[in-house]
Chemist: 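Please find one structure pasted underneath; my questions will follow.
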Amino acid sequence: AFDTNVHVEASMSYPRVPETSLLARYVNEVVQKEAYELHDTFVQEMSTPQEELWEEDGDERILRYDLSLVHSAPDLMSFYGSKYQYTGGAHGSVRYITKTFSQRDDTIRELSLGDLFLPGYREWLFQYCEDYFKSNRCGYYDDDDHSWVGFNPEHLGAFLLTAKGLLLIF
């Protein structure tokens, strides 16, 4: 934490898994590097005095990053967490984070949802989720007339692979 013309606070929490495998060593390196980069970027942006402070902006800037291991197998690790950031305005924002790493032979990579499906199935899954949200009045609605605003395909990207299967997070 430090002060400019506002109080700046950044906290990072992420697991360090026992390095018993190539996958564990790789995951530790990637997760730590990403957390450090996020922290350093935020601190750099906030190290100069904030311009044009408005009353509703408050007098602090906050970054909270939290990541936890939720599933581990010899060739797969899934992590879940969140990033809260407040840089002025009426309120901060939260973004949920998912990371799934897979090892096949000596190759390790972070998986995307597209890696799990044949061509066309990601679109089918998106349509299925959108239909479900519409019929159950979940999702985004216009503030004025309360009509369904829609569902963004980019929101179908956060997922975890667990012992029970695929978990989509919106």
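Please read all numbers here as calculations on a predicted model, not as lab measurements.
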Chemist: Identify the heavy atoms of Y86 and G92 that sit nearest to each other, and give their distance.
Modeler: CD1-N, 3.5 Å
Chemist: Could you tabulate the donor-acceptor pairs under 3.5 Å formed by side-chain atoms of residues 72-81, not counting sequence neighbours?
Modeler:
| unit_1 | atom_1 | unit_2 | atom_2 | d |
| --- | --- | --- | --- | --- |
| S78 | OG | T100 | OG1 | 2.9 |
| S78 | OG | L161 | N | 3.3 |
| S78 | OG | L161 | O | 2.9 |

Chemist: Examine distances only and state if a side-chain atom of T98 and a backbone atom of F159 form a donor-acceptor pair shorter than 3.5 Å.
Modeler: yes
Chemist: Specify the closest pair of heavy atoms between S82 and I97, including all atoms of both residues, with the distance to one decimal.
Modeler: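 Answer, listing the atom of S82 first, then I97: C-CD1, 3.7 Å.
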Chemist: Only counting residues at least two apart or in another chain, list the ones meeting salt bridge (charged side-chain N to carboxylate O under 4.0 Å, His left out) with E29.
Modeler: none
Chemist: Quick one: do L111 and F101 satisfy side-chain contact (heavy atoms from CB on, under 4.5 Å)? Show the steps, please.
Modeler: CA-CA 6 Å; L111 298 177; F101 297 92; over 6 Å; no
Chemist: Quick check for you: to the nearest 0.5 Å, what is the distance between H7 atom NE2 and R61 atom CZ?
Modeler: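 Rounded to the nearest 0.5 Å, the NE2-CZ separation comes to 11.5 Å.
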Chemist: Backbone N or O of S11 within a donor-acceptor pair of the R64 side chain at under 3.5 Å?
Modeler: no
Chemist: Can you measure from CE (M46) to OG1 (T87) and round to the nearest 0.5 angstrom?
Modeler: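 Reported value, rounded in 0.5 Å steps: 5.5 Å.
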Chemist: Quick one: salt bridge (charged side-chain N to carboxylate O under 4.0 Å, His left out) partners of D66, sequence neighbours excluded?
Modeler: none
Chemist: Give, for atom CG of L125 and atom CG of L113, the distance between the pair rounded to the nearest 0.5 Å.
Modeler: 6.5 Å
Chemist: Ignoring hydrogens and angles, tell me if any N or O in the side chain of N28 forms a donor-acceptor pair with the backbone of R16 under 3.5 Å.
Modeler: no
Chemist: Only pairs under 3.5 Å count here: list side-chain donor-acceptor contacts from residues 114-122, not counting sequence neighbours, and write none if there are none.
Modeler:
| unit_1 | atom_1 | unit_2 | atom_2 | d |
| --- | --- | --- | --- | --- |
| D115 | OD1 | R109 | NH2 | 2.7 |
| D115 | OD2 | R109 | NH2 | 2.9 |
| D115 | OD2 | S112 | N | 2.8 |
| D115 | OD2 | S112 | OG | 3.3 |
| R122 | NH2 | L156 | O | 2.4 |

Chemist: Pairs in or reaching into residues 85-99: which pass salt bridge (Lys or Arg N to Asp or Glu O under 4.0 Å), with residues at least two apart or in two chains?
Modeler: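 As it turns out, the salt bridge (Lys or Arg N to Asp or Glu O under 4.0 Å) pairs with a partner in residues 85-99, which skip direct neighbours, are E34-K99, K99-E110.
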Chemist: Heavy atoms only: give me the nearest A24-P18 pair and the separation to one decimal.
Modeler: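 So the two residues come closest at CB-O, 3.3 Å.
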Chemist: Kindly indicate whether the side chain of K83, heavy atoms from C-beta on, has any atom under 4.5 Å from the side chain of V94.
Modeler: no
Chemist: So, do V27 and L69 sit near enough that their side-chain heavy atoms are less than 4.5 Å apart?
Modeler: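 They are not in side-chain contact.
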Chemist: Mind listing the closest non-hydrogen atom pair of E9 and F42 along with its distance?
Modeler: O-CE2, 3.7 Å
Chemist: Can you name the closest pair of heavy atoms from S135 and Y132 and give their distance?
Modeler: OG-O, 3.1 Å
Chemist: Could you grab the distance from atom CG of L22 to atom CG of D106, nearest 0.5 Å is fine?
Modeler: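 Spacing of CG (L22) from CG (D106) equals 6.5 Å.
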Chemist: Quick check for you: to the nearest 0.5 Å, what is the distance between Y26 atom OH and I108 atom CD1?
Modeler: 7.0 Å
Chemist: Nearest 0.5 angstrom please: Y36 OH to Y14 OH, how far?
Modeler: 4.0 Å
Chemist: Using the salt bridge (Lys or Arg N to Asp or Glu O under 4.0 Å) rule, collect all pairs that involve residues 159-170, keeping only residues at least two apart or in two chains.
Modeler: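 As it turns out, there is no salt bridge (Lys or Arg N to Asp or Glu O under 4.0 Å) pair with a partner in residues 159-170 once direct neighbours are skipped.
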